[in-house]
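Some notes on the structure that comes next.
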There are 2 protein chains.
Amino acid sequence: MNPLDSARWPGSDPRTQDPCLGCAGKRFGICHPLDASALDEISHDSDRHCLPAKSVLFREGDAAARAFSVLEGTVKLSRLLPDGRQQVVGFRFRGDLVGYTAGPTYPFDAELLTPGQFCRIERGRLDTLLRRYPLMERRVLDLCLGELAATQEHLVTLARRSAESRVAAFLLGLSDAHRRRGLAQPELPMPMTRGDIGDFLGLTLETVSRTFTAFKRSGWIAEPGGQKLRILDMGMLQSLAAGEMADI
Amino acid sequence: MNPLDSARWPGSDPRTQDPCLGCAGKRFGICHPLDASALDEISHDSDRHCLPAKSVLFREGDAAARAFSVLEGTVKLSRLLPDGRQQVVGFRFRGDLVGYTAGPTYPFDAELLTPGQFCRIERGRLDTLLRRYPLMERRVLDLCLGELAATQEHLVTLARRSAESRVAAFLLGLSDAHRRRGLAQPELPMPMTRGDIGDFLGLTLETVSRTFTAFKRSGWIAEPGGQKLRILDMGMLQSLAAGEMADI
DNA sequence: CGACTTCTTGACCCACATCAACCGACGTGG
DNA sequence: CCACGTCGGTTGATGTGGGTCAAGAAGTCG
C-alpha cells in the first residue's frame with residue numbers, strides 16, 4: 001500500500017469520473033457505492049464549497065463536527081509537536097475522506113496546499129447516513145482500512161529507511177497517487193515545500209533539499225518549475241526506495 | 001491515542017468482562033455490541049483455539065482468509081524488510097481484532113509472544129455477519145479508526161523523538177494498554193525482547209538495552225525478572241516521552 | 001552440564017541534524 | 001521605479017546521536 005495514497009476504488013475506475021461534480025449528483029468518494037435515491041438524500045445533508053490555498057479545514061483539538069470529502073486539491077494533515085515543530089501525518093487528494101475520526105476531536109490539523117473544493121457534511125448527519133446506507137458505511141470502512149495500511153507503510157519508511165530511500169519512496173508514492181486519480185501526466189504537481197516533505201519523512205528540509213539536488217544531478221528527476229516534478233528514471237527511484245544503496 | 005493500544009471500548013467497561021469465554025457467549029472484541037440472538041448465530045461461524053508462544057497466526061502475503069479476535073495473549077505484528085530486518089508494526093492484546101485487512105492478503109506477520117487464545121472466523125463469514133449486523137460493522141469501523149489513530153501516534157514517535165523518548169513512550173503505552181484491560185498490576189508483563197522493542201521503535205536492540213539500563217540506574221524502572229517490568233517514576237517517563245531532555 | 005538465546009557493555013564511526021550564509025522570486029509600499 | 005522584507009530553496013562547515021561491530025555475561029531449556 002502506498003503510504004501517500006490511502007484511497008481504494010473497489011469495483012470501478014475513478015478515472016472515468018468527474019470529481020468536480022462532487023458528492024451530490026455523482027458517485028464519488030464515500031458516495032461511490034450509493035444508488036440514485038441515496039445520492040438524492042445525501043445531497044440535502046451536505047454542501048459543497050471552495051477554499052483558497054493555505055486555508056485551514058480544521059485544527060488539532062477542534063471538536064470533530066464535520067467530515068470533508070475532497071473533490072479537488074491537496075490537503076496536508078499535520079500535528080503540532082510540543083517543541084513547536086510539526087509532523088506531517090499524510091497528504092490527501094481528491095476522493096479521500098478527511099476528518100472522520102474515532103475521537104470527539106480532530107487528532108491533527110488539515111490545511112490546504114492548493115485551492116480546493118470539498119463536500120462538507122456534519123458528523124452527526126454522516127453517522128445517520130452510515131446507519132441508513134450499509135454500502136456507504138462499508139465504503140468508509142474500506143477507506144479506513146486503506147488509510148491504515150498506508151500509514152503502516154509510512155511507518156516502515158520512517159523507522160528504517162535512509163534519507164535518499166525515503167525521498168525516493170515519497171516521489172514514487174506521489175506519482176502513484178496521482179496516476180490512480182487524474183490522467184497520468186508526465187509532470188506531476190508537487191505543491192508541498194521542502195519543509196513539508198521533511199516533516200512528512202522525518203528529515204530536515206536541508207536534507208530533503210540536498211537529496212533533491214543529488215537526484216536532479218544524477219538525472220533521475222527534473223523540476224521544470226511551477227511546482228511541477230518530472231520523474232526521469234522510475235526504475236532507479238524504485239531500487240533506491242527498496243533500500244539498495246546508491247553512491248550518488 | 002496510545003500507539004500501543006488501538007482498542008476503544010465505547011459504552012462499557014472491559015474490566016468487568018471475562019475475556020476467556022470469548023466470542024461465543026460473551027460480548028467481547030468485535031462482538032461487543034451484539035445482542036443475544038446475534039451472538040448465538042455468530043457462535044456457529046467462529047471457533048476458538050489455543051496456541052503456544054511463538055506460533056504464527058499468519059504470514060505477510062498469505063491470503064487473508066481468516067480474522068482473529070484475541071481472547072488472551074500478546075501478538076506481535078511485523079513486516080519483513082527487503083534487507084532481512086523486521087519492522088514491528090504493533091502489538092495486540094486481548095480484545096483486539098487481528099487480520100481483518102483491506103487487501104486480499106495479510107500485510108504483515110502475526111506471531112504470538114505468549115501462549116494465546118483466539119476466536120477465529122472466516123473472512124467471508126465475517127463479511128456476511130458485518131452486512132447482517134450493522135452494529136458489528138460499526139464496531140469494526142471503530143476498531144479500525146482507533147487503530148489508525150494509534151498508528152499515526154506511533155508515526156510521530158518514530159519520526160521525531162529521541163531514543164530515550166521513544167523507549168519512555170513505549171513503556172507508558174504498554175502500561176496504559178494493560179491498565180485498560182486487565183487489572184492494574186504493579187508489575188506489568190513484558191513478553192517482548194529488546195530486539196522486538198527496537199524493531200517497534202526504529203532502534204537497534206543495543207540502543208534499547210542501553211536505554212533500559214540507564215532508566216534502571218536512574219531508578220525510574222525496575223525489572224524483577226520473569227519478563228515483568230515495574231514503573232517506579234511514571235512522571236519522569238512522561239516528561240521524557242514528551243520530549244524533555246534528561247541527561248541520564 | 002552444554003547449547004542456545006537474550007542481554008549488556010565498549011569502541012568506533014557515519015548519516016543526518018544543526019547552524020549559518022546566501023540566492024532568487026515575489027509582493028508591497030514609498 | 002526601486003528599496004525592502006519575506007519566503008522558499010540551496011549549499012557549506014561542523015557536531016553528535018545512535019548505528020555497527022565485537023566480545024562477554026546471564027539466563028533458559030533439554
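Chain letters run A, B, ... following the sequence lines, proteins first and then strands; every chain starts at 1. Keep in mind that what you see is a predicted model, and the values were worked out from it rather than measured.
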Considering only NZ, NE, NH1 and NH2 on the basic side and carboxylate oxygens on the acidic side, decide whether A:E223 and A:R217 come within less than 4.0 Å. no
B:E153: which residues meet the side-chain contact (heavy atoms from CB on, under 4.5 Å) condition with it, sequence neighbours left out? A:R79, B:P3
Nucleotide by nucleotide, 5' to 3', does protein get under 4.0 Å of the base (B), only the sugar-phosphate (S), or neither (-) in nucleotides 6-24 of chain D, counting heavy atoms? ---SBBBB----SSBB---
Does this structure show an ion pair linking A:R160 with B:D83, if we count only N-O contacts that are shorter than 4.0 Å? no
Could you tell me how the ring of B:H178 sits relative to the ring of B:F93: parallel (under 30°), tilted (30 to 60°) or perpendicular (over 60°)? perpendicular
May I ask you to check whether A:T207 and A:T204 show a side-chain donor-acceptor distance below 3.5 Å? yes
